Every structure is written in structure tokens, then in C-alpha cells.
There are 2 protein chains.
Amino acid sequence: MQSAQSVFRNFLRSRRLKFTSERQAIVQTVEKFSRPFEAEELLLQLRQFNHRISKATVYRTLKHLVDARLLNPVFFGAGRQSYYDFRGGGRDHDHLVDVETGMILPFENAQIDALCDQIAVRLGYHALSHRFQIIGRRTNSPR
Amino acid sequence: MQSAQSVFRNFLRSRRLKFTSERQAIVQTVEKFSRPFEAEELLLQLRQFNHRISKATVYRTLKHLVDARLLNPVFFGAGRQSYYDFRGGGRDHDHLVDVETGMILPFENAQIDALCDQIAVRLGYHALSHRFQIIGRRTNSPR
DNA sequence: ATGGGTGCAAATGCTTTGCAAGTAC
DNA sequence: GTACTTGCAAAGCATTTGCACCCAT
């Protein structure tokens with residue numbers, strides 16, 4: 001199990017792209033998020049650690065991180081902006097969104113992949129991946 | 001089982017909103033789509049039937065149709081724009097996206113709701129709804 | 001040395017909004 | 001009569017891009 005940083009470095013090398021100090025700061029910051037984050041949040045986090053990286057570079061690097069399969073882009077209902085979910089080499093997971101607070105809870109479920117395969121096969125397809133979110137209300141949540 | 005039009009009319013009445021000719025044309029057009037559509041497609045369709053409705057009105061009405069639960073907003077991977085999926089009173093369904101062509105196939109699966117409930121309960125939640133997409137490749141699809 | 005990278009500002013593309021005039025109730 | 005609606009054009013907002021200069025390899 002390698003660090004996100006070395007995974008990224010190898011990915012970049014394989015495409016003859018460069019491992020700059022901006023990209024290094026971004027991977028390191030990205031892997032500290034314990035929940036899906038927006039580009040803007042990442043930018044703020046970088047600023048807090050005195051990295052003055054432009055928004056353009058952040059967006060360009062996010063794309064590479066998605067290509068490198070270190071991040072998964074996720075769209076939650078409301079806003080139009082994308083969230084990025086760090087796949088820390090850990091198993092894939094999906095999310096439950098708290099309808100009251102917008103809080104995001106990750107969960108893993110072994111049955112989902114099997115279900116995807118089953119459904120895809122019936123349609124004459126082979127499942128490659130999926131997007132799955134549950135919208136829920138906390139039990140005993142007021143109202 | 002009522003028509004989408006009367007569902008919408010009742011919804012509007014309940015909120016003291018008006019059932020204008022623009023809104024009538026939009027519900028009627030919307031329910032003819034057999035797959036998720038974009039705002040722009042709806043606009044084109046309206047134009048084809050000689051309805052000169054502004055983009056602003058289309059967007060405003062789409063919002064009401066979502067509130068009325070006649071449409072479900074769906075976000076597919078790539079673009080940032082929303083798709084709208086007509087819930088013709090039929091049962092809820094999800095989608096498989098063809099990774100090659102972008103084609104969208106709807107499917108129904110009875111196990112999904114049970115799975116959502118099961119997962120939500122474990123997290124101390126009650127499942128209200130879900131979003132689920134499978135990304136797949138056609139079996140025997142060239143490469 | 002050189003092909004890719006960076007910041008900046010302007011551009012993009014979907015969606016929303018302010019406003020003045022029109023219309024369903 | 002009076003809210004609510006409409007169309008238009010302008011504004012918003014997340015993201016992308018053109019460009020001149022910079023730097024990892």
C-alpha cells in the first residue's frame with residue numbers, strides 16, 4: 001500500500017507529466033479530508049498552510065487526481081459544484097446524505113457491487129462502476 | 001391515477017400559484033419524454049410545437065415540477081447541467097449509463113429500496129430516497 | 001533545452017434574477 | 001383588483017481557457 005503521494009507521482013511519470021511543488025501540496029492536502037470536499041474548500045485549506053496556489057491550478061490538478069483514481073467526483077443534489085471524495089486506497093464506499101443538515105456519511109456495503117452486476121447483465125451490460133447515494137433523516141430527528 | 005397535468009394543476013392550486021398556458025404546454029411536453037432530458041431539449045421540443053416560451057420560464061417551471069414530484073432531477077457524470085426524469089406516476093426507477101455512448105437505460109429493481117433501508121437503519125437513519133446509477137459497457141461492445 | 005506548468009484575467013455554459021408589462025384568479 | 005407570471009437581458013457561479021512567463025526533467 002503506497003502513499004497517495006507516490007501513487008500520484010507514478011501516475012504523472014507514466015504520462016510524462018511533472019510532479020511540481022503545487023501538485024505535491026495538493027495531494028498532501030487532499031488526503032487529509034475525511035469527507036467529500038469542494039474545490040473551494042481545498043483552496044482555503046491550502047491557503048491556511050501558506051500555499052498560494054491559484055484556483056486554475058487547483059482545478060487542473062483535481063482533474064489529474066481523478067484520472068489517477070485517487071479522487072472520485074461526486075455530485076450531491078443541490079448545488080451544481082462537484083465534490084471530490086478521496087479514495088485512500090481503502091475500499092470503495094458510497095454516501096448517505098442527511099436531508100436536514102446536508103451532512104455526508106460514508107458507508108460500505110458488499111451487496112451493492114453484486115447488485116450492479118446482476119442488473120447490468122440483465123440489460124446486456126457489464127458494470128464498470130456506480131454512483132449511489134441514500135437521502136435520509138436521522139431516526140428520532142425532530143419533525 | 002391522474003394525468004400529470006391535473007397533478008400539476010392541483011399542486012399549483014395548493015400553493016396559490018397559477019396554471020398558465022406556458023405551464024400547461026410544459027407539463028404536456030415533459031410527460032412525452034421517455035428518458036431523462038435537459039432543459040435545452042425541452043425548450044427545443046416546445047419550439048417544435050410552436051410554443052414560444054422563454055428559457056427563464058422553462059427553468060422556473062421545471063423547479064415547480066420538481067416540487068410537485070412530477071420530475072426528478074438527475075446528475076450524470078460529465079456535464080454540470082441537470083437532467084430531469086419524468087416520474088409518470090410509474091414506479092421509481094434508476095439508470096444505467098452506457099460508458100461508450102452516454103445512452104441512458106432506465107431500470108427498476110425491487111431490492112434497492114430494501115437495501116437502502118437496511119443501510120440507513122444501521123447508520124441510525126431512515127431512508128427517504130436514493131440516487132443510483134450504474135456505469136457499464138455493453139457486453140460484446142468493441143473494446 | 002524544452003515540453004509541460006503556473007497565475008492571472010477573461011471566457012464559458014448552465015442557471016438565476018431584476019424589472020416592467022401582462023394575466024389568472 | 002391584485003398577486004403571481006412572463007420575457008428579456010443582465011447577473012451569478014463553478015469551472016475552463018488563452019497567454020506570457022517559469023521550471024521539472
Side-chain angles (χ1 to χ4, degrees), chain A residues 5-6 8-27 29-30 36-47 50-68 71-85 102, chain B residues 5-6 8-27 29-30 36-47 50-68 71 73-84 102:
Chain A
Q5 189 172 142
S6 64
F8 195 36
R9 200 207 306 258
N10 290 338
F11 166 82
L12 291 171
R13 187 149 38 204
S14 75
R15 301 217 179 170
R16 270 163 228 164
L17 301 177
K18 294 165 185 173
F19 189 66
T20 61
S21 63
E22 288 84 354
R23 291 177 179 174
Q24 178 173 38
I26 292 173
V27 221
T29 305
V30 140
F37 59 90
E38 304 164 38
E40 198 61 37
E41 289 180 84
L42 172 56
L43 199 57
L44 285 173
Q45 202 65 57
L46 286 163
R47 293 282 147 83
N50 295 319
H51 293 114
R52 331 209 84 273
I53 299 181
S54 73
K55 195 170 283 203
T57 295
V58 165
Y59 277 105
R60 288 188 274 234
T61 304
L62 283 170
K63 266 193 180 151
H64 290 313
L65 288 165
V66 168
D67 284 350
L71 292 181
N72 208 12
V74 188
F75 294 85
F76 293 108
R80 237 154 303 119
Q81 83 279 30
S82 181
Y83 282 76
Y84 296 87
D85 191 29
Chain B
Q5 191 173 137
S6 64
F8 194 37
R9 200 207 306 257
N10 290 338
F11 166 82
L12 291 172
R13 187 147 40 204
S14 76
R15 300 216 178 171
R16 262 155 239 173
L17 300 176
K18 294 166 185 173
F19 189 67
T20 61
S21 62
E22 288 84 356
R23 290 177 180 172
Q24 179 174 38
I26 292 173
V27 221
T29 306
V30 140
F37 58 89
E38 305 163 39
E40 198 61 37
E41 290 180 83
L42 172 55
L43 199 56
L44 285 173
Q45 202 65 57
L46 287 163
R47 292 283 147 82
N50 296 318
H51 294 113
R52 328 210 86 272
I53 299 181
S54 74
K55 195 170 281 203
T57 295
V58 165
Y59 277 105
R60 288 187 275 234
T61 304
L62 283 170
K63 265 195 178 145
H64 289 313
L65 288 165
V66 169
D67 283 351
L71 292 182
V74 188
F75 295 85
F76 293 107
R80 237 155 302 117
Q81 84 280 29
S82 181
Y83 282 76
Y84 296 87

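What you see is a predicted model, and the numbers here were worked out from it, not measured in a lab. Proteins come first, then strands; the chains are lettered A, B, ... in the order of their sequence lines, and each starts at number 1. Side chains included, hydrogens not; waters and symmetry mates left out as well; all remaining heavy atoms used.
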Less than 4.0 angstrom between a side-chain N/O of B:T20 and OP1 or OP2 of D:dC4, yes or no?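 Answer is no, no contact under 4.0 Å.
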**OP:** Verify the contact: side-chain N or O of B:R23 to OP1 or OP2 of D:dT6, cut-off strictly under 4.0 Å; return yes or no.
**Re:** yes
| Okay, side chain of A:R47, backbone of A:I53: is any donor-acceptor separation there less than 3.5 Å? | yes
- prompt: Any donor and acceptor pair, going by atom type alone, linking the side chain of A:R9 with main-chain N or O of A:F19 inside 3.5 Å?
  reply: no
So, do [X] and [Y] sit near enough that their side-chain heavy atoms are less than 4.5 Å apart?
X: A:E22; Y: A:T61; result: no
X: B:Q81; Y: A:R80; result: no
X: A:L46; Y: A:L42; result: yes
X: A:R23; Y: A:T20; result: yes

Between [N] atom [atom2] and [X] atom [atom1], what is the distance in whole Å?
X: A:F75; N: C:dC14; atom1: CZ; atom2: C1'; answer: 13 Å
X: A:R16; N: C:dG3; atom1: CZ; atom2: P; answer: 13 Å
X: B:Q24; N: C:dC25; atom1: CD; atom2: P; answer: 10 Å
X: B:Y83; N: C:dG13; atom1: OH; atom2: P; answer: 15 Å
X: A:L46; N: C:dG7; atom1: CG; atom2: P; answer: 10 Å
X: A:R15; N: C:dG3; atom1: CZ; atom2: C1'; answer: 17 Å
X: A:L62; N: C:dT6; atom1: CG; atom2: C1'; answer: 15 Å
X: A:H64; N: D:dT15; atom1: NE2; atom2: C1'; answer: 15 Å

Bend of the helix from C:dA1-D:dT25 to C:dC25-D:dG1 from end-axis comparison, five pairs per end, nearest 10°, comes to 40°
Parallel, tilted or perpendicular, judged at 30° and 60°: which one describes the rings of A:F76 and A:Y83?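 The arrangement is perpendicular - the two ring planes meet at more than 60°.
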Closest nucleotide of DNA chain C for A:K18 versus for B:S21: which of these residues is on the 5' side?
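Of the two residues, A:K18 wins.
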In short, B:A25 meets B:T29 closest at the heavy-atom pair O-OG1, 2.7 Å
| query | Which distance, rounded to the nearest 0.5 Å, do you find between the CG of A:L65 and the OH of A:Y84? | reply |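 Atom-to-atom, A:L65:CG and A:Y84:OH are 9.5 Å apart.
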Between the protein and nucleotides 7-14 of chain D, which nitrogen or oxygen pairs come in under 3.5 angstrom?
unit_1, atom_1, unit_2, atom_2, d
D:dG7, OP1, B:R52, O, 3.3
D:dG7, OP2, B:S54, N, 3.2
D:dG7, OP2, B:S54, OG, 2.7
D:dG7, OP2, B:T57, OG1, 2.2
D:dG7, N7, B:R60, NH2, 2.8
D:dG7, O6, B:R60, NH2, 3.4

